[in-house]
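Here the structure is a predicted model, which is why all the values come from computation and not from measurement. Start at 1 and go down the list; that is how both ligands and their atoms are numbered.
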Amino acid sequence: MKRVALLISGSGSNMVALAQSMTGDHPGRPVVVLSNVPGAGGLAKAEAMGLATAVVDHRAFSGRDAFEAALTEALERHVPDVICLAGFMRILTPGFTARWAGKMLNIHPSLLPKYPGLHTHARALAAGDAEAGCSVHEVTEELDGGPILGQARVPVLAGDTPETLAARVLVAEHRLYPEVLRRFTAGDRRPVLFG
Ligand code: GRF
């Protein structure tokens, strides 16, 4: 059984989808939901699901290295085999990504390698793209740049705003990330491609 840590900063809808998917013959089980933001909405959802939670408030530390040292210590308490970044909005240093190399996944709301970084939906709309989507990738020291393990495509519709497009992509995220995690915990590296 693979021990899966889920890292959040906000509402945690991807965390909920992942945690709910890890049942039955799924090789993974959630062992902790960890947030860098005290009071993040996802923490209450995790507690309601009976999951262990932890907070490592990045604002309580003098710098990125001190924060990441505390984050690693909190993670190691749960001995994770896999770490899923699920709306975790901190940029991680090469030291941290190296410590967890090969074990850490992230979901990004664009069809990478297009639109790494922020404001992905506004950028897709500004470019006039006919489709958008989300990607799950292994986390490396390159921001949003690791090997892609899955992608889901959604249409861009006339009149879309960043908000309407984000909502459509989020539904696809909740389908894609659990399937990628299922394969990843089973040691199956075949990419997941939806849409
Ligand atoms: C998602 O759009 C994800 O792609 C991005 O941040 C959002 C997280 O949403 N990284 P949630 O916290 O999982 O609801």
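- Taking 4.0 Å as the cut-off between side-chain N and carboxylate O, Arg64 and Glu68 do not count as a salt-bridged pair.
- In the hydrophobic cluster analysis, where Ile, Leu, Val, Met, Phe, Trp and Tyr join through side-chain heavy atoms closer than 4.5 angstrom, Phe88 is grouped together with Val56.
- Donor-acceptor pairing under 3.5 Å is recorded for the side chains of Thr161 and Glu163.
- A salt bridge is absent between Arg123 and Asp129: the closest approach of a Lys/Arg side-chain nitrogen to an acidic carboxylate oxygen does not fall below 4.0 angstrom.
- Just one of Arg189, His137, Glu179 meets the side chain to side chain contact (heavy atoms under 4.5 Å, CB included) condition when paired with Leu149; it is Arg189.
- Residue pairs satisfying the side chain to side chain donor-acceptor pair (under 3.5 Å) criterion with at least one member in residues 20-31, sequence neighbours excluded, are listed as follows: Asp25-Arg182.
- Protein residues with a heavy atom closer than 4.0 Å to ligand 1 are Ser11, Gly12, Ser13, Asn14, Gly87, Ile107, Pro109, Leu170, Glu173, listed by chain and number.
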